[in-house]
Amino acid sequence: MKYQIIRTDKANDQLYEIINYIVDDSSSVDIGLNYLDKIEKAVRKLEEYPCTGSYPRYSILKRQGYRVLIVERHLIFYKANEMEKVVVVYAIVDARPEYRNLI
C-alpha cells in the first residue's frame, strides 16, 4: 500500500524559495523546473519506500524520528508513520549551512 505524502507549509515555502533562487540565479525557468522535478521525484519515491532516507547526523533529529533524503545540495527532512501510512515532509534545506536549526 502506498504512503500518503504530506508537505508542511514550511516545506512548501522552502521549496518555493529554492526554485525561485535557481530561476533567478540561472535566468532560466526550465532549469528551475528541472530541479523541482528532481525534488518531486525523490519525494514521490517515499510513497513506495518510506525508509529510503538515511538518519540525520544530529542525534536530536534521529531521536525525533526524522529521516533525510539528499537531492544534489538540498536535504529533505521527513518522518514516516507506518501505522497511518503517511510521510510528512517537514523541511527542504540547503545542505551547506548548519541545518539543525532550520527544521
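With sequence neighbours excluded, no residue forms a side chain to side chain donor-acceptor pair (under 3.5 Å) with Y21. Here Y55 pairs with R67 under the side chain to side chain donor-acceptor pair (under 3.5 Å) rule; sequence neighbours left out. Under the ring-ring contact (aromatic ring centres under 6.0 Å, His included) criterion, Y3 pairs with no residue at all, not counting sequence neighbours. With sequence neighbours left out, the side chain to side chain contact (heavy atoms under 4.5 Å, CB included) criterion links V86 to Q4, I6, E84, V88. Under the rule for a side chain to side chain donor-acceptor pair (under 3.5 Å), N81 has no partner lying at least two apart in sequence or in another chain.
Taken together through direct or relayed side-chain contacts under 4.5 Å among Ile, Leu, Val, Met, Phe, Trp and Tyr, Y66 and Y78 form parts of separate hydrophobic clusters. The hydrophobic clustering, which links ILVMFWY residues whose side-chain heavy atoms are closer than 4.5 Å, places V29 and I19 together. In the hydrophobic cluster analysis, where Ile, Leu, Val, Met, Phe, Trp and Tyr join through side-chain heavy atoms closer than 4.5 angstrom, F77 is grouped apart from V43.
Around atom CD of E82, no more than 12 heavy atoms belonging to other residues, nucleotides or ligands sit under 6.0 Å away. More than 12 non-hydrogen atoms from other residues, nucleotides or ligands lie less than 6.0 angstrom from NZ of K62.
Side chain of K79 to backbone of Y90: no donor-acceptor contact under 3.5 angstrom is found. Under the 3.5 Å distance criterion, the side-chain polar atoms of Y35 are left unmatched by any main-chain donor or acceptor of I18.
With L75 as the partner, the side-chain contact (heavy atoms from CB on, under 4.5 Å) test is satisfied by one option alone out of D94, I92, V93: V93.
In terms of heavy atoms, P50 sits closest to V87 at CB-CG2, 3.8 Å. In terms of heavy-atom proximity, P56 sits nearest to L61 at CG-CB, 3.7 Å. Minimum heavy-atom separation, Y49 to T52: O-OG1, 2.6 Å. Contact detail for V23 and G32: the closest heavy-atom pair is CG2-CA, 3.8 Å.
Sorted by first and then second residue, the pairs that involve residues 27-46 and meet salt bridge (charged side-chain N to carboxylate O under 4.0 Å, His left out), not counting sequence neighbours, are R7-E40, D37-K41, K38-E72.
Atom-to-atom distance recorded for N20:CG and L15:CG is 9.5 Å, nearest 0.5 angstrom.
Annotation: side chain of L46 is not in contact with side chain of I76 (no heavy-atom distance under 4.5 Å). Looking at heavy atoms from C-beta onward, I5 lies in side-chain contact with E47 at the 4.5 angstrom threshold.
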